[in-house]
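All remarks here apply to the structure that follows.
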Amino acid sequence: METQKLAIPLPDEQFVTLLEQARRPDGQQAMLELLNYYEPEMRQLSRYMHMAPEDAMQSLRLELIELLKEQPPNTYA
């Protein structure tokens with residue numbers, strides 16, 4: 001089984017900052033940074049999907065964008 005180390009871990013504070021920026025209407029740059037960070041892992045996962053590599057990557061990107069844009073439920077109301 002292959003073991004591949006990902007890029008330098010993203011510190012929690014930086015991830016939260018990028019996530020908050022990505023959820024704004026003008027957060028395209030932050031979203032691109034997050035997508036670029038997870039690109040190697042998505043490439044690795046796409047090899048196990050039974051579809052064309054480009055389609056698999058596009059599907060993973062879309063799912064990640066949807067997950068990142070999803071707002072957590074308001075539990076303090």
Side-chain angles (χ1 to χ4, degrees):
M1 183 166 238
E2 293 181 32
T3 5
Q4 182 179 355
K5 192 162 184 139
L6 285 177
I8 299 170
L10 194 61
D12 291 345
E13 304 84 31
Q14 186 178 1
F15 175 79
V16 170
T17 301
L18 285 171
L19 182 59
E20 289 172 349
Q21 291 172 357
R23 288 181 173 164
R24 293 187 203 145
D26 62 341
Q28 296 88 357
Q29 186 59 39
M31 183 62 74
L32 286 174
E33 288 181 44
L34 289 168
L35 286 171
N36 286 336
Y37 178 76
Y38 287 107
E39 183 85 12
E41 189 171 348
M42 289 189 294
R43 288 211 179 279
Q44 184 178 8
L45 291 171
S46 71
R47 291 189 279 168
Y48 301 103
M49 297 173 74
H50 298 288
M51 58 177 69
E54 299 85 17
D55 293 340
M57 282 300 295
Q58 194 67 5
S59 179
L60 289 169
R61 284 185 195 109
L62 178 61
E63 189 64 31
L64 181 59
I65 290 169
E66 288 175 351
L67 283 171
L68 294 173
K69 288 282 189 176
E70 189 176 293
Q71 295 289 333
N74 188 357
T75 57
Y76 300 108

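What you see is a predicted model; the values in this text were computed from it and never measured.
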Between atom [atom1] of [X] and atom [atom2] of [Y], what is the distance when rounded to the nearest 0.5 Å?
| X | Y | atom1 | atom2 | value |
| --- | --- | --- | --- | --- |
| Met49 | Asp55 | CE | CG | 9.0 Å |
| Gln21 | Leu34 | CD | CG | 9.0 Å |
| Glu70 | Leu67 | CD | CG | 6.0 Å |
| Gln29 | Leu32 | CD | CG | 5.5 Å |
| Ser59 | Glu54 | OG | CD | 13.0 Å |
| Leu10 | Glu33 | CG | CD | 9.0 Å |

Point to revise | Expected output: side-chain Lys69 to main-chain Leu64 donor-acceptor under 3.5 Å | key: no
Practice item. Answer yes or no: is there a donor N or O on one side and an acceptor on the other, between the side chain of Arg23 and the main chain of Gln71, under 3.5 Å? Key: no
Exercise for review: Applying salt bridge (Lys or Arg N to Asp or Glu O under 4.0 Å), name anything that partners Arg61, two or more places apart in sequence or on another chain.
Suggested key: Glu39
Exercise for review: May I ask you to check whether over 12 heavy atoms, not counting those of Asp26, lie within 6.0 Å of atom CG?
Suggested key: yes
Study note, to complete from the structure: Closest non-hydrogen atoms of Ala22 and Ala30, given as atom of the first, atom of the second and distance, are N-CB, 3.7 Å
Review point. Step by step, would you call Met31 with Leu18 a side-chain contact (heavy atoms from CB on, under 4.5 Å)?
Key: CA-CA 7 Å; Met31 183 62 74; Leu18 285 171; over 6 Å; no
